[in-house]
Amino acid sequence: MNEDFQFDLIPYVLTHQRNVEHLDLDVDIGEEIRVLCVEEDQNAEFCAILNRSNQQAFGGPDSMGMPLWVMLDCAILPSAVVGFMVHSDEAPEEILEKLDVDEDYDGYVPVSEYCACPTVEPGCFSGFSLHSHLVGHGIATKTKALALAIYGAKTQIGVTQFYNPAIRVHVRFGAMEMIIHRPSVHTYPEDSFVYRLHLPEKEQLVQMARGDDVFGHRDLPEGMRWDFDPDNEVMQGRLARHLQEGGRAWLIPPGWRANEDGCELHMVLD
Ligand SMILES: CC(C)(COP(=O)(O)OP(=O)(O)OC[C@H]1O[C@@H](n2cnc3c(N)ncnc32)[C@H](O)[C@@H]1OP(=O)(O)O)[C@@H](O)C(=O)NCCC(=O)NCCS
């Protein structure tokens, strides 16, 4: 973590007023958590900037950028978008430009975001968006940890891509069990997998959100270690067969590493 990091990061929870009593806001990360309610018009510009921020991070509307209505229907209304923001006076110029923030805007600018919504399984949340615009300072890890603590999540499912360095963030919350290899129902089916996490307890999530602890669970599943190359179709076939035959597979820390040919994933097969 960079000692010179100079931004005053303020945690925010964007939701609907009716959800507030169901969220666990008794979370001490050293900064007051600001609750922004979507029905208040004064938060409309923040929501618009947040959506542009998501679009920037996920390749825009033709890729995996979140339509504004999805942000409302699937994130804000059933749950909350959680992240960190900085005041526009303090936001780096390149972020203001990237997010197309009006010159006369005087308010908060989101620099990170996590969204997950509850599933039919009690305690299980489906995570569908994580991004950070101040990369390399542990902000994505803190953001995800804070959100999961506030939701009261016990387990989490999500989809990511083999090539995405965010795997290094997700794997800090436990061994990621691969439950669907290359889901056919996805914008990028060949590059994706569905994973499931048994999350650390709230206290540990709060430590992670504070930046005092980088890893949650340390227990690793037993089995055969495997450095997996997603560009290698023989390995992809072997992984698919292993899962089809009832085998299990997990990604374990550090989870993902770039190499000269692309990347490798750190796995355990059982
Ligand atoms: C991936 C992303 C969320 C990381 O945000 P961040 O705030 O830098 O994340 P953190 O600092 O908490 O942790 C980053 C970890 O990933 C690594 N990492 C992040 N981006 C990386 C990259 N491009 N190449 C290699 N490693 C990278 C960091 O080195 C760090 O690991 P380490 O501390 O073990 O070295 C951010 O780059 C992003 O918003 N990407 C675009 C959206 C996206 O793909 N989201 C993931 C959806 S599943």
Side-chain angles (χ1 to χ4, degrees), residues 1-5 7 9 11 29 49-66 70-71 74-75 81-86 92 94-95 98-99 109-117 125-148 156-174 176 178-180 183 186-189 191-197 200 205 207-216 218 230 251-266:
M1 242 109 299
N2 188 343
E3 303 287 313
D4 303 328
F5 189 67
F7 303 106
L9 293 179
I29 61 161
I49 299 171
L50 177 60
N51 189 249
R52 288 202 289 276
S53 181
N54 176 282
Q55 293 282 345
Q56 273 283 342
F58 287 96
D62 295 333
S63 183
M64 286 200 285
M66 193 180 339
V70 172
M71 191 171 113
C74 305
V81 183
V82 177
F84 290 93
M85 57 190 185
V86 294
E94 74 263 24
I95 289 197
K98 192 157 60 162
L99 305 185
V109 177
V111 293
S112 75
E113 158 259 338
Y114 184 68
C115 303
C117 60
F125 280 69
S126 174
F128 58 92
S129 185
L130 169 71
H131 84 267
S132 150
H133 280 303
L134 295 173
V135 296
H137 302 284
I139 294 175
T141 305
K142 291 181 188 172
T143 299
K144 179 165 178 167
L146 179 64
L148 294 170
Q156 184 243 315
I157 53 170
V159 187
T160 192
Q161 286 65 53
F162 295 107
Y163 308 98
N164 199 322
I167 290 171
R168 287 181 83 96
V169 177
H170 301 308
V171 83
R172 291 175 173 171
F173 294 82
M176 298 164 70
M178 194 177 284
I179 57 172
I180 306 179
H186 194 277
T187 317
Y188 301 109
D191 296 340
S192 301
F193 64 91
V194 181
Y195 67 90
R196 180 179 168 93
L197 285 168
L205 290 173
Q207 295 272 82
M208 293 174 79
R210 292 176 72 99
D212 292 342
D213 197 352
V214 172
F215 282 95
R218 281 164 224 258
L251 280 90
I252 57 163
W256 183 99
R257 197 192 325 259
N259 60 27
E260 55 288 357
D261 304 320
C263 63
E264 64 184 24
L265 276 66
H266 309 115

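When a ligand or atom number is given, it counts from 1 through the structure's own listing order.
- Taking every non-hydrogen atom of T141 and a distance limit under 4.0 Å, the qualifying atoms of ligand 1 come out as 10 (P), 12 (O), 13 (O).
- The residue among P253, S192, P165 with a heavy atom at the shortest distance from atom 18 (N) of ligand 1 is P165.
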| Please walk me through it: do M66 and C115 pass side-chain contact (heavy atoms from CB on, under 4.5 Å)? | CA-CA 11 Å; M66 193 180 339; C115 303; 3.9 Å; yes
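- Checked by distance only, ligand 1 and S132 come closer than 3.5 Å through their nitrogen or oxygen atoms.
- The distance from ligand 1 to the heavy atoms of F58 drops below 4.0 Å at these ligand atoms: 42 (C), 43 (C), 45 (N), 47 (C).
- Partners of S192 by side-chain hydrogen bond (donor to acceptor under 3.5 Å, both in side chains), not counting sequence neighbours, listed by chain and number: Q161, H186.
- Those atoms of ligand 1 with a heavy atom of H137 less than 4.0 angstrom away are 11 (O).
- Distances between N or O atoms of V169 and those of ligand 1 include no value under 3.5 Å.
- With contacts defined as side-chain heavy-atom distances shorter than 4.5 Å, the pair H133/S53 qualifies.
- A donor-acceptor pair under 3.5 Å is absent between the side-chain atoms of R257 and the main chain of E264, judged by distance alone.
- In this structure, S112 contributes its side chain and F84 its backbone to a donor-acceptor pair below 3.5 Å.
- Look at A258 and you'll find every heavy atom at least 4.0 Å from all atoms of ligand 1.
- In this structure, CZ in F128 is found 11.5 Å from CD1 in I157, a value given to the nearest 0.5 Å.
- Sequence neighbours left out, not one pair with a member in residues 131-141 passes salt bridge (charged side-chain N to carboxylate O under 4.0 Å, His left out).
- The shell of residues lying under 4.0 angstrom from ligand 1, judged by heavy atoms, excludes K142.
- For ligand 1, the polar-atom distance check against A140 finds a nitrogen or oxygen pair separated by under 3.5 Å.
- Side chains of K144 and H170: a donor-acceptor N/O pair is present below 3.5 angstrom, by distance only.
- Near A57, meaning under 4.0 Å from one of its heavy atoms, ligand 1 places the atoms 41 (C), 42 (C).
- Between H131 and ligand 1, no N or O atom pair is found at a separation short of 3.5 Å.
- Each of the following atoms of ligand 1 lies closer than 4.0 Å to a heavy atom of A166: 1 (C), 46 (C).
- In this structure, Q161 falls outside the shell of residues with a heavy atom less than 4.0 angstrom from ligand 1.
- The H170 neighbourhood of ligand 1 comprises atoms 48 (S), with distances under 4.0 Å to a heavy atom of that residue.
- Proximity of I95 to V86: side-chain heavy atoms (C-beta onward) are nowhere separated by under 4.5 Å.
- For a threshold of 3.5 Å applied to N or O pairs, the pair formed by N164 and ligand 1 contains at least one separation below that value.
- The atoms of ligand 1 that sit less than 4.0 Å from any heavy atom of T160 are 48 (S).
- Of the polar atoms of V135, none of the N or O atoms is found under 3.5 Å from an N or O of ligand 1, judged by distance alone.
- Classified by interplanar angle (parallel below 30°, tilted 30° to 60°, perpendicular above 60°), the ring pair F162/F193 is tilted.
- Polar contact check, R172 against ligand 1: a nitrogen or oxygen pair lies under 3.5 Å apart.
- Under a 3.5 Å cut-off, the side chain of R52 and the backbone N or O of L99 do form a donor-acceptor pair.
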